[in-house]
Each structure stands twice: as C-alpha cells, then as structure tokens.
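Everything below concerns the one structure shown next.
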Amino acid sequence: AAAAAAHGRLFAAQRAALSSLVYVETKGADGGFDEGALSAITAARALAGPVTAVVAGTGAAAAAKAVAAVEGVAKVVVAQDAAYDHALPETTASLLKALQAKEAATHVFAPHSAAGKNVLPRLAALLDAQQISDVVAVESEDTFVRPVYAGNAIATVKSSDPVKIVTVRTAAFPAAPASGAAPAPEEPAPPVDAAPLSSWLGEDVAKSDRPDLASAKRVVSGGRAVKSAEGFKVIYDLADKIGAGVGASRAAVDAGYCDNSLQVGQTGRIVAPELYIAIGISGAIQHLAGMKDSKVIVAINKDADAPIFQIADYGLVGDLFAIVPELTEKI
Ligand code: FAD
C-alpha cells in the first residue's frame, strides 16, 4: 500500500509537471500565421499542463497578439527574427530545443504541415526522441492514436521518451477558439546560436482566390472523368457558386487537368470539410485516405457501382457534363 501510495504521489508529481510547447509558423510580416497551429493547441490542451505557444519569424510580434487571445494558451514566446522565416528547420528546431529546455516542456506539438514535418523530426533527433507523427487523438500524456497504411489501420502508440515530439492531423482536432478572457502574457525568445545551414531561395505557389483546400468548409473535387483542363471549368463553376475550395484526384493531376497542389489523398492533401463533392472520381483507397473524414460526402459518377458510392452520403448517377452544370444553375 505504501509503495502504491508512493507511486501515486510520483505519478501525481509527474502529471503536475506536464507542459507543452506548440510551434506556430508565421506567414509574412503582417501577423498571418498557419491556423493549423490552433488545432495543435487543442491537441496540447488534452493534457493537463500549461500550453506555451512559440510564434517564430519576422511577423512574430504581430501574430503573437492573435495567438495570445486563443483559449488555453498560457503564455506566448515571441521569436521575432527573420532566421525563423519559412520554418527553416535548422534554426527553428534549435529555437524549439532551447525553449524545451528552458520551459522543461514534456511535449512539443506542431501541425502535420510541410513546416511541422520539416522542423519536428529535426527537433526529435536533437533531443534523441522518436517523433510521433500525424496523430488524430491524444489518449494520455504518453499514448497517441495515429492512422497507418493510408488510414486503413489505426495504431495506438505509447512513447517512453522523456519529451514527446508530436505532429497532429489538423482535420482531427477543432481549432482552439479565441477566448474572451485577458490575453496570455508574451515574452521574447532567448537568442539562439544556430548556424543557418540552409537558406530560403523562393517559392512558386499556385495563386487562387478560392478558399484554401486545407481550411475550406466545402470542397468540390474533379477526377479523371473531367477529361481536360477546359473540362475542369464545370468543377470551378460549381465551387465558385457554393464558395468551395477545389480538389482533384491524382489521375486528374497527373493528366495535367489542374495544379498538383489540388491533389487530395494519400500523397496529396488530407481534408475533412463539412461538404465534399467528388465528381468523376472512382473512390480509390488512396483518394479516400484524403477525404473520408469529411462530414457529408456527395458523389457524382456515371457508374452506379463506383466504390465512391460506398462512402457517399448522397449520390447522383449520371454524366457529370450534364449533371454538374444543371446543379450549378439550380443552386
Ligand atoms: P478513375 O479511377 O479512372 O475514375 C474515374 C471515374 O469517373 C470512374 O468511376 C468513372 O465511372 C467516372 N466517370 C467517367 N466518365 C464520367 C462522366 N462523364 N460522368 C461522371 N462520371 C464519369 N489518387 C488520389 O486521388 N490521391 C492520392 O493522393 C493518390 N495517391 C496514390 C499513391 C499511390 C502509392 C498509388 C499507387 C496511387 C495513388 N493514387 C492517388 C491513385 C489512385 O490509386 C487512383 O488511380 C486515382 O485516385 C484514380 O483517380 P480517379 O478516380 O479520378 O480516376
């Protein structure tokens, strides 16, 4: 009984010591930041300890104001330095390592974004820990749930590393809302001596006025059946009518009908909008891996036996070139 009580006290002491860092990637100098961090904050809040947001980049001071107002954020560390722009992994991982030590953080969270997938593995290596990637649930301080085999199996993993390094699937955690309470205190990050081993040369990103796929509440996707870049107009027209983001199957991307940033699936983007409309998409397992958690799925396909209908809430069987313009017009 004494040993059990001691163990209980030890466990309680360990629990009390829990604390998390959440990495927030800034976008530009005007206070923009990757809103996937709000989902990472929700994941961190599943643990009992305080959540410290680490906002890094030229726009850190401006972004920190919004992050400090987010529910559940206890403190914001502001790393206002161009060295952290574009989430360069060498400098950013060194910053997080220094802050993990300073704050004695037991957990470091980031979205499972290009930045998170670039920075956190390096941090994990620096801390000699094994990264836990793409988690969809936090069961306890050491146990996490993550999909494997393109979502065909769900693994529950338990980590014995002293510091847990975790990227989260943003579609699986709601964004932490702004709190009505007083904003969390801000403090500057300590200077970190990290040699920039890489430098940012530039990026070539497809520009679009449509909602970003990752955050769109509605997504309209086209597949191989759309047949051409011109044919994609029916997809764009419907998307614009309902304020949706545009997605595509890999077959449509590979055929050059649309930009590859639109690809949804195992090797593309993972989305979970309120409404997903799959048009001329058969429903291959690799496509489903990217959209099957959507709240309402609508499939439009001329083959009534297409596998996509097995996961669709609503289906329309027919020729997309007839049905979709009619649907757009009726809306
Ligand atoms: P198809 O399978 O050819 O389906 C076209 C559908 O359109 C058919 O169901 C047909 O009945 C219907 N159709 C035809 N004409 C019409 C019409 N006029 N009106 C209405 N319906 C019509 N795929 C992805 O999407 N995303 C990924 O990330 C991805 N990653 C992959 C990774 C790996 C390692 C591998 C091996 C494959 C991956 N794929 C991925 C490819 C995937 O296996 C499929 O080949 C692809 O999703 C098929 O695209 P599709 O549904 O557009 O085309």
Side-chain angles (χ1 to χ4, degrees), residues 36 111-114 116-117 133-134 136 146-154 167 169-172 206 210 212-216 218-239 241-242 244-273 275-294 297-331:
H112 194 65
S113 59
K117 286 189 268 186
S133 294
D134 202 15
V136 295
R146 56 184 300 266
V148 291
Y149 303 124
N152 286 315
I154 300 292
T167 60
R169 181 174 290 203
T170 53
R210 298 190 176 90
D212 180 57
L213 255 187
S215 52
R218 299 163 178 174
V219 172
V220 179
S221 285
R224 194 197 308 270
V226 177
K227 282 203 182 115
S228 65
E230 297 72 46
F232 243 76
K233 183 170 182 312
V234 295
I235 307 293
Y236 295 131
D237 286 349
L238 175 57
K241 193 68 158 209
I242 62 172
V246 171
S249 71
R250 177 157 151 184
V253 167
D254 285 353
Y257 304 162
C258 59
D259 192 81
N260 66 4
S261 61
L262 303 189
Q263 184 174 320
V264 171
Q266 181 186 334
T267 41
R269 310 282 285 274
I270 292 173
V271 299
L275 174 66
Y276 188 90
I277 307 183
I279 301 175
I281 293 178
S282 59
I285 194 101
Q286 296 89 354
H287 188 79
L288 303 188
M291 45 64 74
K292 65 178 164 37
D293 292 330
S294 305
I297 297 173
V298 176
I300 299 177
N301 198 300
K302 71 175 186 187
D303 174 7
D305 294 326
I308 190 81
F309 287 123
Q310 288 168 16
I311 63 151
D313 300 287
Y314 299 91
L316 274 176
V317 179
D319 180 0
L320 74 93
F321 293 106
I323 291 180
V324 179
E326 188 186 340
L327 181 63
T328 305
E329 198 192 309
K330 288 201 165 135
I331 291 170

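All figures in this text were calculated on a predicted structure; none of them were measured in a lab. In listed order, ligands and their atoms are each counted from 1. Residue numbers start at 1 and run along the sequence shown.
If you check which protein heavy atom lies closest to atom 27 (C) of ligand 1, you get Gln263 NE2, 3.2 Å. Looking only at protein heavy atoms, the nearest one to atom 6 (C) of ligand 1 is Gly280 O, 3.4 Å. Of the protein's non-hydrogen atoms, Ser282 OG, 2.6 Å is the one closest to atom 2 (O) of ligand 1. Among protein heavy atoms, the minimum distance from atom 11 (O) of ligand 1 is reached at Asn301 OD1, 2.7 Å. Looking from atom 48 (C) of ligand 1 to the surrounding protein, the closest heavy atom is Ala251 CB, 3.9 Å. Looking only at protein heavy atoms, the nearest one to atom 23 (N) of ligand 1 is Arg250 CB, 3.2 Å. Ranking the protein heavy atoms by distance from atom 50 (P) of ligand 1 puts Ser249 OG, 3.5 Å first. For atom 18 (N) of ligand 1, the nearest non-hydrogen atom of the protein is Asp319 OD1, 2.9 Å.
Residues passing the ring-ring contact (aromatic ring centres under 6.0 Å, His included) test with Phe232, sequence neighbours excluded: Tyr236. With sequence neighbours excluded, the residues satisfying side-chain hydrogen bond (donor to acceptor under 3.5 Å, both in side chains) with Ser261 are Asp259.
When each of Ile308, Leu327, Leu275, Val220 is tested with Val298 by the rule side chain to side chain contact (heavy atoms under 4.5 Å, CB included), just one qualifies, namely Leu275. Test Ile270, Val219, Val271 against Met291 for side chain to side chain contact (heavy atoms under 4.5 Å, CB included) and you get one pass: Val271.
Taking all heavy atoms of His287, Gln286, Arg224, Lys302 into account, the minimum distance to atom 43 (O) of ligand 1 is reached by Gln286.
For the pair Leu320 and ligand 1, the shortest N or O to N or O distance falls below 3.5 Å.
Under the 4.0 Å criterion applied to side-chain N and carboxylate O atoms, Lys241 and Asp237 are not assigned as salt-bridge partners.
At a 4.0 Å cut-off, not a single heavy atom of Gly222 sits close enough to ligand 1 to count as contact.
Side-chain atoms of His112 do not come within 3.5 Å of backbone N or O of Lys117 as any donor-acceptor pair.
More than 12 heavy atoms of other shown residues, nucleotides or ligands fall within 6.0 angstrom of atom CZ in Arg210.
At a 4.0 Å heavy-atom cut-off, ligand 1 touches Ala284 through the side chain alone. If you look at Val264 next to ligand 1, the close heavy atoms, those under 4.0 Å, all belong to the backbone.
Taken from CG in Leu262 to CZ in Arg250, the straight-line distance is 15.0 Å, to the nearest 0.5 Å.
Within ligand 1, the atoms closer than 4.0 Å to a non-hydrogen atom of Ala225 are 7 (O), 12 (C), 13 (N), 14 (C), 15 (N), 16 (C), 22 (C), numbered from 1 in the order shown.
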